[in-house]
Amino acid sequence: MNKENFSEMIQSMAREARLASLELATLPTAVKNQFLHDLAEALEAETESILEANAQDIAQAEAMNLSAPMVERLKFTPERIQNMAEGVRQVAALPDPVGAEIERLSPPRGFDLRKIRVPIGVIGIIYESRPNVTVDCAILCLKSGNASILRGGKEAFHSNSCLIEIIQSCLKKNAIPVSAVQLIPTTDRQALNELLVQDAYIHCIIPRGGEGLIRFTVENSRIPVIKHYTGVCSIYIDAEYDYDTAEAITLNSKCQRPSVCNATENLFIHQNALAALPRLAQALIEAGVELRVDGAAKAALKGTGIPCNDAKEADFGEEYNDLIIAIAVVPDMKTAVAVINEKGSAHTDCIVTESSENAAQFLNSVDSSTVLHNASTRFSDGFEFGLGAEIGISTDRLHARGPMGLNELCTYKYIVHGQGEIKT
C-alpha cells in the first residue's frame, strides 16, 4: 500500500470515528452498559478462539526472539481472559461520567451556570504487546462517550484482530456504530504517521509502550499526547520499618509481574535499616532476581555469599521490565526522596515505614503520580483503584495524572440557562 492509500484509509477511519463520537456523546447509559455486559459474556464464550489467535502471536514472537518479558506481556491465559471480562463488568457498574455536574457557579448576572463533564471526542491509542489493552481502551472510551481508533503492535496482531471482531459484533448487537471502536488493520509505520496528523478529527493520542514509541509519537503528532515515558518505580525502606512488611512488599513489587510499568526497579534502604539487607537480598535471589548494588550495599553483603553486581549510576534510572533490581543505601529519607525525584520517572514510589510522620513527609515530597505507604507498587493500576480498567498511566500534569479511568477521558463544557439576559 502506497502513502496515498494509507492516507485515504486513515483519514476515512478518523472521519467515521468523529461521526460516531457525536452519537456516542448522547448515547443512553443503559445502552452503553448493555454493550459492556454483552462484551463480557462474549469474551468468556470466545475464550478458545482468543487463545488460538494468541498462540499464533506467541509462536511468531518466539520466532522473532522477543525477550521473555515481552512474550509474557503478550500471552493470554484463560485466567487473564476471565479477568479481562471481569474488568468489563466493573466498568459497566461504574457511574456514567457524561453529563455529571462538576461545579455550579453563581455569576454576577444571576443566570444558571454549570460546568459538566463531556467526552473528549475521538481518542487514538497506540500500544505494543499487551492485547488486553484493546479491550481496556475500547470499553473505557465507549463508556465515557468517546470513539476510539486503536493501533496495536505487530507482535499482537492476531490477538487484537480477534478481539476487535468480538467488540464490533457486540456494537452491532446494540445498534452502536461499529466505527465507535476501530483497529487499524495494518502495523505498517506509515499508517501510524498518518494517524498522528489527523487533527481535524482526532482530539487526543495516548501511546502505551516503550520509550522509543512514546518519543516517536510526541515528536510526530499534531494532536495532543498524554503519556508516560518509563516506569522507573522505587521502594524506600525507612529506619523505622517492619521486616516482614518490607520483604513482602519488595518481593511483590519486583517479582509478581516484572514486565509491567508499575514493577519496582530500585530499592533504597536507610543506613539504620541495613541489618535487613542480607535477608532481603537472599529472598530476592531465591526469587530469581539479579541484584545491582552500590558500594555500601555491597559491603553489607560481604561474606554472606549472596551474588551481586556493582551498580552503575545509570542503573537507578533504568526501567528493566525484568527480574533485576538496583539497590542503594542512603543516609536519610531526604536523600532517598532526592534520588527518586531525580532518577525516577514520576510514576509510582513507595515508603515502607512504621512512622506515620515519616510516611507523610515521603508522600508529600516525592513528585510522582502515585505514592504509597506500606503497599506494593503493583497497586498503581486502574483495576486496583476501582476504575474497572485503565486506558493508561499518565505522568503528565495536564490534564490527567496517574491511572486514567472514565473521568480522565472527559473534558468539560459550561451550560448556561438564562432568562433573557443581555450584555450591556
Check: Restricting to pairs with a member in residues 297-313, which pass salt bridge (Lys or Arg N to Asp or Glu O under 4.0 Å), not counting sequence neighbours?
Finding: Lys298-Asp310, Glu313-Lys343
Margin query: Once salt bridge (Lys or Arg N to Asp or Glu O under 4.0 Å) is applied, what residue pairs with a partner in residues 140-159 remain, sequence neighbours excluded?
Written below: none
Margin query: For Ala283, give me all partners under side-chain contact (heavy atoms from CB on, under 4.5 Å), at least two apart in sequence or on another chain.
Written below: Glu247, Leu251
Next item on the list: Only counting residues at least two apart or in another chain, list the ones meeting salt bridge (charged side-chain N to carboxylate O under 4.0 Å, His left out) with Asp96.
Entry: Lys32
Margin query: Ser148: which residues meet the side-chain contact (heavy atoms from CB on, under 4.5 Å) condition with it, sequence neighbours left out?
Written below: Ile125, Cys141, Leu150, Val181
Note to self: Please enumerate all residues that pass salt bridge (charged side-chain N to carboxylate O under 4.0 Å, His left out) together with Glu101, with sequence neighbours excluded.
What the structure shows: Arg104, Arg114
Check: Residues two or more places apart in sequence or in another chain: which of them pass salt bridge (charged side-chain N to carboxylate O under 4.0 Å, His left out) with Asp38?
Finding: Lys173
Check: Which pairs with one or both residues in residues 263-274 pass salt bridge (Lys or Arg N to Asp or Glu O under 4.0 Å), sequence neighbours excluded?
Finding: Lys254-Glu265
Item checked: Counterpart residues, side-chain contact (heavy atoms from CB on, under 4.5 Å), relative to Ser376 (two or more places apart) -> Asn252, Ser253, Arg378, Phe379
Check: With sequence neighbours excluded, what pairs up with Arg89 under the salt bridge (charged side-chain N to carboxylate O under 4.0 Å, His left out) test?
Finding: Glu44
Next item on the list: Could you tell me whether Arg189 sits above the aromatic face of Phe216, with NZ or CZ closer than 6.0 angstrom to the six-membered ring centre and within 45 degrees of the axis?
Entry: yes
Notebook entry, point to check: How long is the gap from CD1 on Ile139 to OG1 on Thr134, to the nearest 0.5 Å?
Noted result: 11.5 Å
Margin query: Considering only residues two or more places apart or on different chains, which pairs with a residue in residues 268-287 satisfy salt bridge (Lys or Arg N to Asp or Glu O under 4.0 Å)?
Written below: Asp244-Arg279
Checklist line | Pro224: side-chain contact (heavy atoms from CB on, under 4.5 Å) partners, not counting sequence neighbours | finding: none
